[in-house]
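Everything quoted here is computed from the prediction, not taken from an experiment. Any value given below was found using the heavy atoms of this structure, including those in side chains, with hydrogens, waters and symmetry copies removed.
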Amino acid sequence: MIDIELNPYWIEKCEVFSLACAQTNLTRYKSRGQASIDKIVSDIYVGKMGECAVYLHKINNKIDCTEPDFKIYKGRKKSYDADLTSETHKIHVKTQSLNSASKYGISWIMQAKENDQDKLFKQRRHTDIAALCVMKDETTVTILAEVSIPWLF
C-alpha cells in the first residue's frame, strides 16, 4: 500500500474537471438508474484523483508515464482506453471513495456485457494493468495494488 498526498494544484484540477465533465456523463448514469448530479461529480472527482495519484507515484519513481487527461469528451468521443500509459503498460485506474469502502467494503466493479467489444476485456493483455485505489481522505489516495488484467479473470 502506498499513500500519495496530492497538492492543491492537482486537487483544484480534479475539482474543476469533475464539475465541467458531469453533464457529459448524465445519460450514462441515468441508464443505470442514477441521476444525482452530486454523485456524478463525486464519482468523477474520486476517479480523477486516483489517476493523479498513480501518475505522481510513477513519476516519483522515475517511471515515464502520460499525465492524466483533463479534456472533456462528449458522447461517442468517450472511450475506455487506459487512463495512463507507461513505457511498458497501459494503466486502468480504479478508485473507490472511503465512504463507499466503509459502506460496501473495498471493491471495484468493472462491467462488461456479454457481447462487449471493450478491448480491455476481450483481449486481456498482460501489458494492461489495473491500479486499484481508495481515496483515503480529501487529499490522500492509497494505491492498494497494481494487477494485470488477465489476473482479474
Side-chain angles (χ1 to χ4, degrees), residues 1-22 24-25 28-29 32-34 36-73 78-113 116 118-153:
M1 291 191 318
I2 301 157
D3 284 343
I4 304 294
E5 179 112 13
L6 282 86
N7 65 34
Y9 169 81
W10 292 106
I11 293 168
E12 183 178 353
K13 280 188 77 121
C14 293
E15 287 174 349
V16 169
F17 176 79
S18 63
L19 289 167
C21 187
T24 69
N25 285 277
R28 184 182 304 164
Y29 272 76
R32 293 186 246 160
Q34 300 170 347
S36 167
I37 196 73
D38 291 338
K39 173 153 179 26
I40 296 169
V41 169
S42 176
D43 286 354
I44 294 168
Y45 176 75
V46 166
K48 196 55 76 173
M49 288 284 285
E51 287 179 37
C52 293
V54 172
Y55 166 72
L56 292 171
H57 173 63
K58 295 293 181 196
I59 63 168
N60 288 342
N61 285 286
K62 306 209 181 336
I63 298 169
D64 282 338
C65 184
T66 57
E67 285 193 29
D69 184 0
F70 286 93
K71 184 175 177 185
I72 298 172
Y73 299 92
K78 293 180 184 287
S79 79
Y80 293 97
D81 290 345
D83 298 304
L84 307 169
T85 304
S86 71
E87 291 177 5
T88 57
H89 292 94
K90 293 180 180 183
I91 307 162
H92 306 267
V93 182
K94 303 298 176 189
T95 309
Q96 183 181 27
S97 69
L98 188 59
N99 182 42
S100 174
S102 297
K103 283 183 185 176
Y104 309 111
I106 296 174
S107 64
W108 300 268
I109 296 174
M110 291 176 257
Q111 299 173 335
K113 295 178 183 173
D116 199 339
D118 185 343
K119 289 183 237 177
L120 179 62
F121 296 112
K122 190 174 180 184
Q123 296 173 353
R124 300 181 192 173
R125 295 184 176 153
H126 289 281
T127 54
D128 282 303
I129 62 170
L132 305 174
C133 306
V134 172
M135 192 163 158
K136 184 176 180 181
D137 59 37
E138 293 174 6
T139 62
T140 309
V141 173
T142 302
I143 303 170
L144 296 173
E146 290 185 7
V147 297
S148 74
I149 294 299
W151 182 85
L152 291 174
F153 286 86

_Pair listing, salt bridge (Lys or Arg N to Asp or Glu O under 4.0 Å) test, anchored in residues 58-67, at least two apart_ = Lys58-Glu146
*For the pair Asn7 (side chain) and Trp10 (backbone), establish whether a donor and an acceptor sit closer than 3.5 Å, ignoring hydrogens and angles.*
yes
_Under 4.0 Å between a side-chain nitrogen and a carboxylate oxygen: does that hold for Asp128 and Arg124?_
no
*Which residues pass the ring-ring contact (aromatic ring centres under 6.0 Å, His included) test with Phe17, sequence neighbours left out?*
Phe70
_N/O donor-acceptor pair under 3.5 Å between Asn61 side chain and Ile63 backbone_ = no
*Glu15 atom CD, neighbour heavy-atom count above 12 within 6.0 Å*: yes
*Check Cys133 against Ile143 and note the closest heavy-atom contact, atom names and distance.*
SG-CG1, 4.0 Å
*For the student: nearest non-hydrogen atoms of Ala131 and Ile91, plus distance*: CB-CG2, 4.0 Å
*Side chain to side chain, Pro68 and Asp83, heavy atoms closer than 4.5 Å*: no
*For the residue pair Glu138 and Met135, what are the closest heavy atoms and their distance?*
O-CE, 3.9 Å
*Would you say Leu19 and Val41 make side-chain contact, with heavy atoms under 4.5 Å?*
yes
*Any side-chain heavy atom of Cys52 sitting closer than 4.5 Å to one from Cys14?*
yes
*asked:* Looking at Thr66, is its backbone amide N or carbonyl O close enough to the side chain of Thr85 to form a donor-acceptor pair, meaning the two atoms are under 3.5 Å apart?
replied: no
*Over all atoms of both residues, closest heavy-atom pair of Cys65 and Leu84*: SG-CB, 3.8 Å
Donor-acceptor pairs under 3.5 Å, side chain of residues 99-106 to any protein atom, not counting sequence neighbours: which ones?
from, atom 1, to, atom 2, distance (Å)
Ser100, OG, Gln96, NE2, 3.1
Ser102, OG, Leu98, O, 3.0

